[in-house]
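Quick note: numbers below take in every heavy atom, side chains included, and nothing from hydrogens, waters or symmetry partners.
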Amino acid sequence: MDTCACALELLGMLVYVGAWLCALTTTILPQWLTMSTALLPVESYELGLWETCVVQDVGGMECRAYDSLLGLSTDLKLARILMCAALAVGMLGILVGIPGLDLVHSCKEDSGQQTKRILIITGGVLGMVSGVLCLIPVSYMAHIAVMHFFDDKVPDVVPRWEFGDALYCGWAAGFLLVVAGLILITSSSCSQVEPQPVLQRRYQVMGTGVNYRKRTEYV
């Protein structure tokens, strides 16, 4: 495998791992949606997938987990399921893609290069699927916040939810996961044509020609 393909593989895997950690941070963070009220400016509220928090300007922060899974709204349930699915698919893609790296000394026999290429492509596809699964709940929660923010039926004095830091982190994670998957697939395409098998076939043809001449001499 050439140096360009190896560099693309290593870059794609590094971006892949970093994006997966970013998606994990998005899932854990409670700052999916934030709300600050004009009546009580010293406090702000944060909504996450697993807990809600009250933040004070003096630096205090108190979080409380949701009491029951059945009491959650459909939006939070869907976001939980999709984010956990994105993390699971992303981890599976990392575990599948690492053995396919050329730097990992495995599957070095004749048919091993094709196997490593299949592993890299599979890991890239799983990374792209993980990115899409991460982008769906983040964009959906942002859509709900925008719809409620510009709802004419709600009076202006009523506080509204706004975008939190976790949404921006989730967008970055989903985008990087898709990019990492594309890089891995591109690296496998670059390494598809290799000159070494052609040389091996040429030596095999020459060897068979020599054997054929030896046989005709004996006859």
Does S187 use its side chain to pair, donor to acceptor, with the backbone of L8 at less than 3.5 Å?
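Checked: no pair found.
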
Below 4.5 Å, heavy atoms only, C-beta onward: do L76 and M141 meet side chain to side chain?
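L76 reaches M141 side chain to side chain.
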
Under the side chain to side chain contact (heavy atoms under 4.5 Å, CB included) test, residues paired with [X] that sit two or more places apart:
X: C53; result: P30, E46, E51, M61, C63
X: L82; result: L78, L133, I136, P137
X: T74; result: none
X: L95; result: M91

Quick check for you: to the nearest 0.5 Å, what is the distance between [X] atom [atom1] and [Y] atom [atom2]?
X: L33; Y: T52; atom1: CG; atom2: OG1; answer: 12.0 Å
X: M13; Y: I120; atom1: CE; atom2: CD1; answer: 5.5 Å
X: K116; Y: L101; atom1: NZ; atom2: CG; answer: 7.0 Å
X: T26; Y: L21; atom1: OG1; atom2: CG; answer: 10.5 Å
X: L135; Y: S130; atom1: CG; atom2: OG; answer: 9.5 Å
X: I183; Y: E9; atom1: CD1; atom2: CD; answer: 11.5 Å

Single-linkage hydrophobic cluster [X]~[Y], side-chain heavy atoms < 4.5 angstrom:
X: L176; Y: I185; value: no
X: I121; Y: V178; value: yes
X: I118; Y: L182; value: no
X: L29; Y: L72; value: no
X: V129; Y: I94; value: yes

I need the minimum non-hydrogen distance between [X] and [Y], along with the two atoms involved.
X: V138; Y: G170; result: CG2-CA, 3.9 Å
X: C134; Y: G174; result: SG-N, 4.0 Å
X: G123; Y: L184; result: C-CD1, 4.3 Å
X: V89; Y: L126; result: CG1-O, 3.4 Å
X: T34; Y: G164; result: CG2-CA, 4.0 Å

Please list all pairs meeting ring-ring contact (aromatic ring centres under 6.0 Å, His included) that have one or both residues in residues 6-32, counting only residues at least two apart or in different chains.
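ring-ring contact (aromatic ring centres under 6.0 Å, His included) check on residues 6-32 returns no pairs.
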
Of all pairs that satisfy ring-ring contact (aromatic ring centres under 6.0 Å, His included), the ones with a partner from residues 162-189, not counting sequence neighbours:
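Those involving residues 162-189 are F163-W171, Y168-W171.
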
Pair M35-S44, side-chain contact (heavy atoms from CB on, under 4.5 Å): steps then yes or no:
CA-CA 6 Å; M35 182 176 62; S44 61; over 6 Å; no

Tell me who clusters with I81, hydrophobic residues only, linked when side chains sit under 4.5 Å apart either directly or through other members.
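I81 clusters with nothing; isolated.
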
Counterpart residues, side chain to side chain donor-acceptor pair (under 3.5 Å), relative to D75 (two or more places apart):
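Expected list: Y140.
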
